[in-house]
Every structure is written in C-alpha cells, then in structure tokens.
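Working notes, structure below.
In the text below, chain A, chain B and the rest are named by the order of the sequence lines, each starting its count at 1.
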Protein chains: 2
Amino acid sequence: MNRRPTIIDVARQAGVSKSTVSRVIRGDGASVREATRRRVEEAIAALGYEHNAVASSLRTERTNTIMLAIPDIANPFWPDVARGVQDVMDEQGIAVVFANSDWEGRREKAFLRMASRNRFDGVLINPIATDNDELRALSLPIVLIGSREDFPDFDTVGSDSYGAACQALDYLASLGHRRIGLIRGRGKSRPGYSRLRGYLDYGHESGLPLDESYVVQVNFDFEGGGQGLRHLLSPSAPLPQPPTAILAANDILALGALQAAHELDVDVPGALSIVGMDDIFAAVTTTPPLTTMAKPKYEIGRKAAGMLLERMEGGGQERPQRHILPCTLRKRGSTGPAAL
Amino acid sequence: MNRRPTIIDVARQAGVSKSTVSRVIRGDGASVREATRRRVEEAIAALGYEHNAVASSLRTERTNTIMLAIPDIANPFWPDVARGVQDVMDEQGIAVVFANSDWEGRREKAFLRMASRNRFDGVLINPIATDNDELRALSLPIVLIGSREDFPDFDTVGSDSYGAACQALDYLASLGHRRIGLIRGRGKSRPGYSRLRGYLDYGHESGLPLDESYVVQVNFDFEGGGQGLRHLLSPSAPLPQPPTAILAANDILALGALQAAHELDVDVPGALSIVGMDDIFAAVTTTPPLTTMAKPKYEIGRKAAGMLLERMEGGGQERPQRHILPCTLRKRGSTGPAAL
DNA sequence: GCGTGGATTGGGAACGTTCCCAGTATAGAC
DNA sequence: GTCTATACTGGGAACGTTCCCAATCCACGC
C-alpha cells in the first residue's frame, strides 16, 4: 500500500495518460500543452513521484552513466583526471562512477563485466589485466587512458612521457649536468619504456654519457626510490663517477630518492639535483620542493571524456585515434647548477 | 538481427523454458536437474549470452551496487576507507562505485537523487550539503562516515578526533612541552570542534596553559598551515611566549607548518615539535618525517560497510548506532624533547 | 500396477518505463 | 461553416527479467 508512485499514479492524479506524463518527465522536445504540463508537474510534486531510472534504462538501453576504471585510487594522479572527466560529462547529464581495481585483475574484470551487462553506456579505462581483444569483445564504447601501443583497436589519451624525459634532461643539461642517473620503476605491468627510450635517445643526440650503467630499476614505490639513489651513489657501483643529477620515473620514486639523499647527507640541490615526474601533491611539501615534469592530468580527463562521448554518439566506425598531450616542467627547489 | 541474445533465445536453444534458464543463471539454490543445467550452460556459451542486469534489477528491485559518496577524491584519506569498503562488499558480490562531489553540493545532491532513483541498494556518505532530514527523505539504507552528531537518524562510523587530540598533547607533554599551539582548519563545512574541545579539555586537566591565545584558525590547506605557524611564532602575536610545539588539525596543515618552519630557519624538532593528524602518504616523505595521529581509515571503511549491509538486510528498524574508532600515534621525526 | 510426495519444469503475469501509431482537438484558410 | 494541417493526447505493445502457481516427472513403497 505504501509502494512508490509510478507514472501511472501520476497520470491518474493529473487526469492524463501515462504517455503524457512520460513526455513531461523526459523533457525532450516532446510537445505538451503548457497547462497540461503544469498539471502533471503538480501531480508529481503532490505524490512525491521519483523517476525509476532502472525501468527507463530497460526501455531506452541507456543508463546515462559511464565508468572510469582505474587501478589505484590512492595514486594522486587519478583525482585530477577524474575531475576533467566529470566536468565534461556533467554538461551532458552523464554520471561518472569510479571502479577501483586496486591492482587486482579479478576486480577489473568484474567491473568490466558489470559494464557490459548493460549498466554503463561507456568506459574509460587504464587497463591492467585486460587486453585488446578482451576489451573488444565487450562491444562497448571504450576509450583508454594512457599511451598504450598494445591496444590498437581503441582510442587512447595519454601524456608524452618520452618527450617529458627529454625535456627534463634538457633542463638538467642546461644547468651544466653531464652525468645524469635514471631511476626506473619495475612492476605492476606498467613498463615505462618511454622514459628509458627518451633517456637513451637524448643521450645519443646530446652526446652526454647516458647509458645503461646510469640506469637503475627498482620497485615502483617510495622505498624503491631510496634504493635507487643509494645504488647510483654507492662507491661500489660500477660507475666511473657518480651522477650529479637524477631523473626519476615518477614523483614517488623521486621523493624516496630525495629522502635517501637527506639521510646520506647529500645536499640537494647543492651536490645533487633530482627531477620527478607527475607533479603530485606531496612534491610541493618536501624540503626542498621537488622539481618535476607535470602531466596534464585534468586535460587528459577532459580529452578522454570528449572522445568517449563521440564514440557513444557516432556509431563509432572511425579509426582509433591516439592523443598524446605534452608535459610541462615545474621548476622548484630540488634542481640547481651542477657542482664543479 | 544482430541483437543480443536473451534468456528466451537461450531457452529455445537449450530446449527448455525461460524459467529454467533464469533458475540456472540466478544460481541460488533453485533446483535444476544436473543434465538440464549443463544443457543450459552450453546454450549460454554457444550464444554468447550476457545477463541483462538492468532488466533483472527492474524485477528484483536490487542492483547489487552501493554508492560511496565522498567530497574529495584527492584527499588521501579516502582511498584507504574505500579499500575497506570494497573488501567487505566484494565478499557479498556487491559492487562499490564512487561518487566524488568535489566539494560541490550540487553534485552531491545529484548523486543522491541518482541513488534514490533505484540504481543503488545503499549509500555510504560523508555529507557536505545534505542534512539529516534530506537524507531520511531518500528512504534508502544509508550509513554516514565521520563522527557527525548532526545526523541523529543515521548510523555513523568515525574516528575519535577528540581522543586523538588528547593523545597527541599527552605525548608532547611527556616530551616536556608546556606551551603547545593548535592550528585549526576553517572551511568546507567540517567544523573540527572535537579537536579544539580535546585541546581545551586537556589543558584544563593537565594544568598546561592551553587556551585560545595559542589557537589559530586558518584555511584548510597547505598554505593555511604555513600562515598558522607564522602567526604563532610571530613576535607581534599576543603570546606571552611562543609555543615549543604545535598540533595541527590535519596533516596538510602540519606539512604547511613544517615547510614554513624550514623557511623561517626554525629547527624541527630541535626548536619546535610538530604533530599532524590523519597520516597521509606525504607525511612520510618530508624532512623530518611527520609525527602524526593515524586514523583507522581502512577499519572505518570495513565497519561502515558492515553496518550498511546490516541495514540493507535487516528491515533496519534498529536504533541508529554510532561507532567511534580510536586513532594511533605514529612517532616520526618531527617531534622531540622541549628546548630548555 | 498404483498411489504418493518431492523434485523439476513450464507459462503467464508482473516490474515501470518508452515507443509507436492512431485518434482527437485546435487554429487558420477559404 | 467546412476543410486541412498541425499540435496534442491516449492506448497498447514492447524491453528482459523474475515471481508465482500449476503441471509434470520420477522414484519409492505398497
């Protein structure tokens, strides 16, 4: 007896048919006489009617909801991306929900199955355990976040890590550094080859002695950054001379390196310069604050959302597009002229 | 012609009725002969049938999805809470989606309306623009995250900020500090009176000179923390003597204070001790690393999820419960004995 | 061989909306 | 006043599932 009112109840109350109520609710251009519309709206208010989105979705095959699937909500990279996505989708009246797989492939797959079971109109994803063919099998509008060459059938939106590495090295070179180390992350399925390629290529072009002996690969976390630094500065390392500057593959590694430098009493930036990548919040709180290559996180979100909308509307027969947005250098305190 | 197969197609293919297919799919205890079940499963595989969750929800009035509504996904507090929530809900086969209002009341309300339009079975929320009565009007299972006395009709799960403030002060007192400043946040609708109450009460009980003159209120961000510190240490402040230790209402304020101390050449912890609250990632990356009161974020998530499940299952006529979990002190480098 | 009862199965009626098409007002032209 | 085009409205049939109840099957005991 106390069940929720439906459009039929509203129709009865307003003395019209359910079709007319539906027209009023949908609010698309459907023509309803002004007086009728008002009567329906009064009936809605009087009954406290709430639109049943599930029933609507069943008929229209649209949920007006998209999924943003990310591997790690704790990574400060994603909130800004999410903001960009939301700002675009909001204008279209589309809700964005987050699916956080927490680096568990099982969860990612569960979320994707949920998406294909009709709950979502589209998916933005940075995949960790799903490959090109599996995504294609979902036959859903999908746009990838991240520069992933291994997904030839999908639009991708990423940032130019390769160019960022070169730009960072160029800045360090301009400060007089010649021996520059690279701390790479190993792990979690994110290769990050682009940074290494940028590093090696820049070495070739510039004539600086950038080679594998200045590259160290560590776990992709704070402690890893410290280990990387210790290794590069250690007297036992097979390095002719230790580096005077270090580029880290992301800020977390860079912050670990910075803290290790403090512990070793190495002056930053006096004796050693450090550059990170991403520009997370913590980069600004350290002493000295971290110089880093900022990724255009918000723009990545906006761009990806825009492309997904296109896929959702246009039948989506166009060829996959790849967008790579440039990074920008944020000069802070952790870099300085090379020691003589 | 290329539309997605339904259970009717599966039924035809397997030579059974749609009811039987439905029984197989639901996988609850419904009795189906083993041979029949196998035939149905083969038909499902052959046709590539995918369960239509929207249609199912329409009939069952369950979506097996809950919403976790938070104000600020960029706040490192939430990821850990989310992990706790997900770990509990996963076991029940319930998906968790995030609704990030980005401190916009408009968005929060939009998400809640979406929830009440039948898309979600329950809501976990830390509300910013919705009050007790508005939440009740949704007539949905809801559990609040955060110790909110202003929501008498709902279960809440929060942490003991009051006790945490006392505990931090006790630790500082044990190090010999007598003049202890408090940097409070102003803003965003989160009063944080509990910390102030803890501060004043502790002053009363311990006999330390903790009073309003040592309390400063600033914007709830990194810069605010710096301003607070400058104010407390400034010679023009109306303080008899500057504090030798500072308690900040959260880590972001504490980190701002720490950086300001560096800029003023105040030695931490030699001349000044600083304690934060929350234990975010950045707290461990500074020099010195920040001593802070860690909130039981993961446990808050688990507990809140568990309570929501109870509400969703039991008709939910029990009285609202309030759970307050204790915080723990993380001793790091930013605290030391009081200078003489 | 027959009756009994539990295990299986089938068929139709929801669930609440939107779509489609036909029907009815209404206004303007003559 | 009649005719016609257009604006508006109504009614039934989907959408794909689950629920409910009735029908059938089968094994068992007699």
Practice task
Just do the salt bridge (Lys or Arg N to Asp or Glu O under 4.0 Å) check on A:R113 and B:E50 with the steps written out, would you?
Solution key: CA-CA 9 Å; A:R113 200 161 51 231; B:E50 277 278 6; 5.7 Å; no
Exercise for the section: Apply the test salt bridge (Lys or Arg N to Asp or Glu O under 4.0 Å) to residues A:E149 and A:R322: give CA-CA distance (whole Å), side-chain angles for both, the deciding distance (0.1 Å), then the verdict. Expected result: CA-CA 9 Å; A:E149 295 83 6; A:R322 331 207 134 248; over 6 Å; no
Exercise for the section: Could you give me the CA-CA distance, side-chain angles and deciding distance for B:I44 and B:I25, then say whether side chain to side chain contact (heavy atoms under 4.5 Å, CB included) is met? Expected result: CA-CA 9 Å; B:I44 288 177; B:I25 291 169; 4.2 Å; yes
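Checking A:S19 against A:R23 by side-chain atom types alone, no donor-acceptor pair falls below 3.5 Å. Side-chain contact annotation: B:R107 with B:N100, donor-acceptor N/O pair under 3.5 Å absent.
As judged by a 4.0 angstrom heavy-atom cut-off over every strand, A:R26 is placed among residues touching the sugar-phosphate backbone only. Heavy atoms of A:T6 sit under 4.0 angstrom from primed sugar atoms or phosphate atoms, though from no base atom.
Distance, A:I25 CD1 to C:dT18 P: 6 Å, rounded to whole Å. As a whole-Å value, the separation of A:R38 CZ from D:dC8 P is 14 Å. Atom CD of B:E50 and atom C1' of D:dT17 are 15 Å apart (whole Å). When the P atom of D:dT17 is taken as reference, atom CZ of A:R119 falls 13 Å away, rounded to whole Å. Between the P atom of D:dC15 and the CG atom of B:D9 lies a distance of 11 Å, rounded to the nearest Å. The CD1 atom of A:I8 sits 8 Å away from the P atom of C:dT17 (whole-angstrom rounding). When rounded to the nearest whole Å, the span between CD1 of B:I7 and C1' of D:dC19 equals 12 Å. In this structure, the CZ atom of A:R12 is 14 Å from the P atom of D:dG10, given to the nearest Å.
Of the residues in residues 54-65 of chain B, B:L58, B:R59 come within less than 4.0 Å of DNA chain C through at least one heavy atom, sorted by number.
Taking both residues in full, the closest heavy atoms of A:T6 and A:Y49 are given as C-CE1, 3.6 Å, listed atom of the first, atom of the second, then distance.
Within the structure, every side-chain polar atom (N or O) of A:R33 is placed at least 4.0 Å from both OP1 and OP2 of D:dA7. For C:dT8, the OP1/OP2 oxygens have a side-chain nitrogen or oxygen of B:S31 closer than 4.0 Å. Considering only side-chain N and O atoms, B:T20 lies under 4.0 angstrom from the phosphate OP1 or OP2 of C:dG10.
A donor-acceptor contact under 3.5 angstrom links the side-chain atoms of B:S19 to the base of C:dG11. With hydrogens and angles left out, the side chain of A:R23 and the base of D:dG10 share a donor-acceptor pair within 3.5 Å.
Each of A:K18 and A:R37 was matched to the nucleotide of DNA chain D holding its nearest heavy atom; the match closer to the 5' end belongs to A:R37.
Judged by the 6.0 Å and 45° rule, A:K295 forms a cation-pi pair with A:F77.
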